[in-house]
Amino acid sequence: MKTIALIGSPRKEGNCDQLVSKLFENMEGYTKKFYLNDVDLQFCNACQSCQKGDCIKDDDGRKIIDEMLDSDIIVFASPIYYGQMSAQAKTIIDRFYMISQNPEKSLEGKKVIQIFTQANPGDAFDGYIKSLETMPFAYMGMEVIDTIIAKGAAGKGEGIEDALKKIEELEI
Ligand SMILES: Cc1cc2nc3c(=O)[nH]c(=O)nc-3n(C[C@H](O)[C@H](O)[C@H](O)COP(=O)(O)O)c2cc1C
């Protein structure tokens, strides 16, 4: 089994990073983290080249999408920034366009585990996070099998205890 994690937080050893590490402790097979803030990840140009063949971007975004195509499980981890996923996380999602426009490439059947972290202790962003199951994940043929939200998580490692416990109890 191959699992990759797309980490949308710029903070190394931050809350997303720590939760992904905990998840990987119990996963069998190959695991790899991609820190989206640290790679060469360019925006989708909307040039439509992917409709005629392939994406023209020769960056790490392309390599990450290729790794996704070759994985069984994709962990999508992001902090909540102003009520939404981080810009780094959204940038890789926009790059999914190179697959949705290309009939030779498909993420159909890939499983997704969502991890979100937020300082807000309440349910303010639950609806937004739930909506991602439909768009972009189901739209791309992927199935969200688990969602972990660390609420009240501000400083690094603060307020993530419940989420760590939930991850420990996950049956994957
Ligand atoms: C630019 C920015 C915007 C943020 N916006 C929100 C927000 O809208 N709601 C919230 O609850 N927390 C917000 N936070 C707090 C982070 O979501 C929280 O600290 C999270 O646990 C960070 O995860 P990380 O350690 O993986 O980076 C924001 C933090 C930053 C830096």
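Quick note: numbers below take in every heavy atom, side chains included, and nothing from hydrogens, waters or symmetry partners. Both ligands and their constituent atoms are indexed starting at 1 by order of listing. Everything numeric here is computed off the predicted structure, so don't read it as measured data.
- A donor-acceptor pair shorter than 3.5 Å cannot be found between the side chains of Glu133 and Tyr139.
- In this structure, Lys63 pairs ionically with Asp60, as a charged nitrogen and a carboxylate oxygen lie closer than 4.0 Å.
- With Lys165 as the fixed residue, the side-chain hydrogen bond (donor to acceptor under 3.5 Å, both in side chains) test singles out one of Glu161, Glu169, Glu168: Glu169.
- Residues of the protein with a heavy atom under 4.0 Å from ligand 1 are Ser9, Arg11, Gly14, Asn15, Cys16, Pro79, Ile80, Tyr81, Tyr82, Gly83, Thr117, Gln118, Ala119, Asn120, Phe125, Ala153, Ala154, listed by chain and number.
- Side chains of Thr3 and Lys32: no donor on one and acceptor on the other come within 3.5 Å.
- Between Asn37 and the options Lys12, Gln88, Arg11, a side-chain hydrogen bond (donor to acceptor under 3.5 Å, both in side chains) holds for only Gln88.
- Donor-acceptor pairing under 3.5 Å is lacking for the side chains of Lys151 and Asn120.
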